[in-house]
Amino acid sequence: MRIRFSPSMRSITLSSRNGLLDLMKVKAAARRISYRTLSHTILILAFLLPFVFILTAVITLEGVNKCSTFNCLGRRLGPKFLVRGGDDSVRLVRDLYKILDQVYSEEVPIGLKLPESFREFLSEMKNNQYNAKSFAIRLKATMENMDSEVKTSRQAEQLHKHVAATTIPKGLHCLSLRLTDEYLSNAHARKQLPPPELLPFLSDDSYYHFIIATDNILAASVVVTSAVRSSLKPEKVVFHVITDKKTYPGMHSWFALHSTSPATVEVKGVHQFDWLTRENVPVFGTIENHYGVRNHYHGNHIMGSNVNENPRVLISKLQARSPNYISLLSHLCIYLPELFPNLNKVLFLDDDVVIQRDLSPLWEIDLSGKVNGAVETCKDKDDWVMSTRFRTYFNFSHPLIANNLDPDECAWAYGMNIFDLSAWRKTSIRDTYHYWMKENLKSNLALWKLGTLPPALIAFRGNVHPIDPSWHMLGLGYQEKPDIDSVSKAAVIHYNGQCKPWLEIGYKHLQPFWTKHVNYSDHFIRNCHILEPQSKTRRPESIKQRGG
């Protein structure tokens, strides 16, 4: 195509390049048009015409040529301002939002029969041909009903977990009975622990002294076994296992018949400590006979709970009802300086821990004159237990708490603590502990949830030295998805929470860190039908038994 302008710009001649088309002469208007304006017009047309051609082709291919209205064409070709009134689906959603807002504050009719599935709901809508408002009301009622059922199920789940966690499994009960019978009938099960030649080690302050207080024989064996396996100098390890009177024969039998050599193990019952009398610990006699305490542990654990309550709050309340909290074994830690007068530094462990690394460096930590070396629990990202401060444990609406404690003060972890007993003996920690226990009883248990940590947080104030968090990893009894790599690297892992590794409710992928220290082929364990849990995931290489 060739375009020629006349000198006067009054006419335009168009001709084809091959000369096949006749010349076309277009006369311009009498009014003079500038060359610049005309050139801009031609450029714009040259840009738009190909674009219109392409869009027309696409529309034709997609079948949109059936559109007979400008509104339809506008939706396909142009921007939204070409569409009159917007898309039908957009208007429908907008109208639905308006109706839902209207029924949001309306009460659902009493006795309204609700569908039990989406299929039933959809069928009912079609069959009854409800209008939009009726649909919205039934939708609201259905969702509220399902939400209530879900919350009720979660509440029941936590209650069942609580019952499972506070009940002694049949296998563990069997193990205790069989070992007690062995103690009565087998002289080897009653042999002196430790042997006479090792007795001096029990008060030798150059050894690494571990203390554990428990009535769970299998758990105690795992703590001791894992500590000995992880130690670089097991011959320097001395374990003091303390249990109650009824469990003492079975606990003694276990360690008498299962060697922990080269480590030294002592087993003692609380009845064998002359210092542990009701005169020295009068507060526990009061706890045992306090009506509020008995009702707290033996009453209806779900009473007063709300289905709308945060599951974490409910779990916390249920855990505070663990019968262990009124056991002397749970509070025994506060009496360590008196129970071990010849020792200056000890490591106190809960029975739901596993040791994975040599802990001897803990004895070398300079506590700077403090009594308690512990991991702080206000520096991590764990929303359940870590990131906790005093406000997590105490009732700051009570004036006695509000006037004496700071809600932002950092809490610390029980269950793996290095104690300087010589420094402890210079303090009034025990008396402070007793004072606040009595005040809580006077206040009808209103100062804090029952447990051993709250009074200890008060008693040890100003006497805690923070240690590196890698020494003690918490939460394996309530966190289902911790970082496995962090679990395998921690020096001590702690199954605090309801889902203990020896229970059926224990998390299967976390149990191997604990079960690898149990000999499931042992005669007593096998006869009590204590079976190794079947993990759904492959056991990490990092937790295989040494030499296995």
Side-chain angles (χ1 to χ4, degrees), residues 208 210-212 214 219-234 237 239 263 333 346-365 367 372-388 410-419 453 464-503 506-518 533 535 537-546 548:
Y208 304 125
F210 296 76
I211 299 174
I212 175 175
T214 180
S221 73
V222 168
V223 176
V224 174
T225 301
S226 64
V228 174
R229 287 178 176 177
S230 302
S231 178
L232 297 179
K233 296 181 179 179
V237 170
F239 254 95
C333 176
V346 299
L347 184 68
F348 183 81
L349 297 169
D350 276 353
D351 64 356
D352 53 354
V353 305
V354 175
I355 293 86
Q356 303 187 129
R357 203 166 73 219
D358 178 54
L359 300 184
S360 59
L362 288 172
W363 274 263
E364 307 303 321
I365 293 178
L367 298 181
N372 178 5
V375 169
E376 291 184 318
T377 57
C378 62
K379 305 292 177 65
D380 213 308
K381 298 180 180 179
D382 172 11
D383 294 331
W384 287 73
V385 168
M386 304 300 276
S387 302
T388 55
C410 188
W412 45 269
Y414 240 159
M416 201 288 295
N417 306 85
I418 185 74
F419 288 118
L453 183 56
V464 178
H465 178 81
I467 62 176
D468 191 279
S470 65
W471 285 111
H472 187 188
M473 183 176 185
L474 297 160
L476 272 65
Y478 59 80
Q479 292 189 89
E480 186 175 0
K481 298 179 180 179
D483 180 58
I484 296 297
D485 188 54
S486 298
V487 174
S488 61
K489 291 179 180 179
V492 175
I493 54 175
H494 195 168
Y495 290 85
N496 57 308
Q498 293 176 325
C499 301
K500 303 298 185 187
W502 54 82
L503 299 175
Y507 299 125
K508 302 305 179 187
H509 60 293
L510 296 177
Q511 285 178 321
F513 292 94
W514 187 87
T515 58
K516 71 169 187 167
H517 297 292
V518 178
S535 177
T537 57
R538 188 166 176 260
R539 181 177 297 183
E541 292 295 326
S542 58
I543 63 171
K544 286 184 178 179
Q545 292 192 25
R546 183 177 298 177

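Along the sequence shown, the residues carry numbers beginning at 1.
Between Pro482 and Met473 the shortest heavy-atom distance is CB-CE, 4.1 Å. Considering all non-hydrogen atoms of both residues, Trp502 and Ala219 come closest at CZ3-CB, 3.8 Å. Across every non-hydrogen atom of Gln356 and Ala490, the tightest pair is NE2-O, 2.9 Å. Residues Ile355 and Val492 come closest through the heavy atom pair CG1-CG2, 4.2 Å. Closest heavy-atom contact between Val353 and Gly415: CG1-O, 3.9 Å. Here the closest heavy-atom approach between residue Ala413 and residue Ala374 is recorded as O-CB, 3.9 Å.
Atom CG of Leu453 is separated from atom OG1 of Thr388 by 8.0 Å, given to the nearest 0.5 angstrom. Leu474 contributes atom CG, which lies 11.0 Å from atom CD1 of Ile493 (distance to the nearest 0.5 angstrom). Between atom NE2 of residue His472 and atom CG of residue Asp350 there is a gap of 7.0 Å, rounded to the nearest 0.5 Å. Atom CZ of Arg229 sits about 7.5 Å away from atom NZ of Lys516, to the nearest 0.5 Å.
Side-chain contact between Leu510 and Ile484 is present, with heavy atoms from C-beta onward closer than 4.5 Å. When side chains are defined from C-beta on, Arg357 counts as touching Trp471, because their heavy atoms get closer than 4.5 Å. A heavy-atom distance below 4.5 Å is found between the side chains of Val354 and Tyr495. Taking 4.5 Å as the limit, every side-chain heavy atom of Trp514 sits out of range of all side-chain heavy atoms of Leu476. The shortest side-chain heavy-atom distance between Ser230 and Asp358 does not fall under the 4.5 Å cut-off. Between Leu362 and Ile467, the closest side-chain pair of non-hydrogen atoms falls below 4.5 Å.
Ring orientation note: the planes of Phe419 and Phe348 are tilted relative to one another, at an angle of 30° to 60°.
Applying the salt bridge (charged side-chain N to carboxylate O under 4.0 Å, His left out) definition to pairs two or more places apart or across chains, those involving residues 469-489 are Asp485-Lys489.
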query: Hey, mind stepping through Phe239 and Leu349 against side-chain contact (heavy atoms from CB on, under 4.5 Å) and telling me if it holds?
result: CA-CA 10 Å; Phe239 254 95; Leu349 297 169; 4.3 Å; yes

task: For the pair Leu347 and Met416, evaluate side-chain contact (heavy atoms from CB on, under 4.5 Å) and give the outcome as yes or no after the intermediate values.
output: CA-CA 7 Å; Leu347 184 68; Met416 201 288 295; 3.7 Å; yes

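For Tyr208, the ring pair (Phe, Tyr, Trp, His ring centres under 6.0 Å) partners at least two apart in sequence or on another chain are Trp363. For Lys233, the side-chain hydrogen bond (donor to acceptor under 3.5 Å, both in side chains) test picks out no residue, with sequence neighbours left out. Qualifying side-chain hydrogen bond (donor to acceptor under 3.5 Å, both in side chains) partners for Ser221, counting only residues two or more places apart in sequence or in other chains: none. Shown here are the side-chain contact (heavy atoms from CB on, under 4.5 Å) partners of Pro466, two or more places apart in sequence or in another chain: Glu376. Partners of Tyr414 by ring pair (Phe, Tyr, Trp, His ring centres under 6.0 Å), not counting sequence neighbours, listed by chain and number: Trp412. With sequence neighbours left out, Asp352 forms a side-chain hydrogen bond (donor to acceptor under 3.5 Å, both in side chains) with His494, Lys500.
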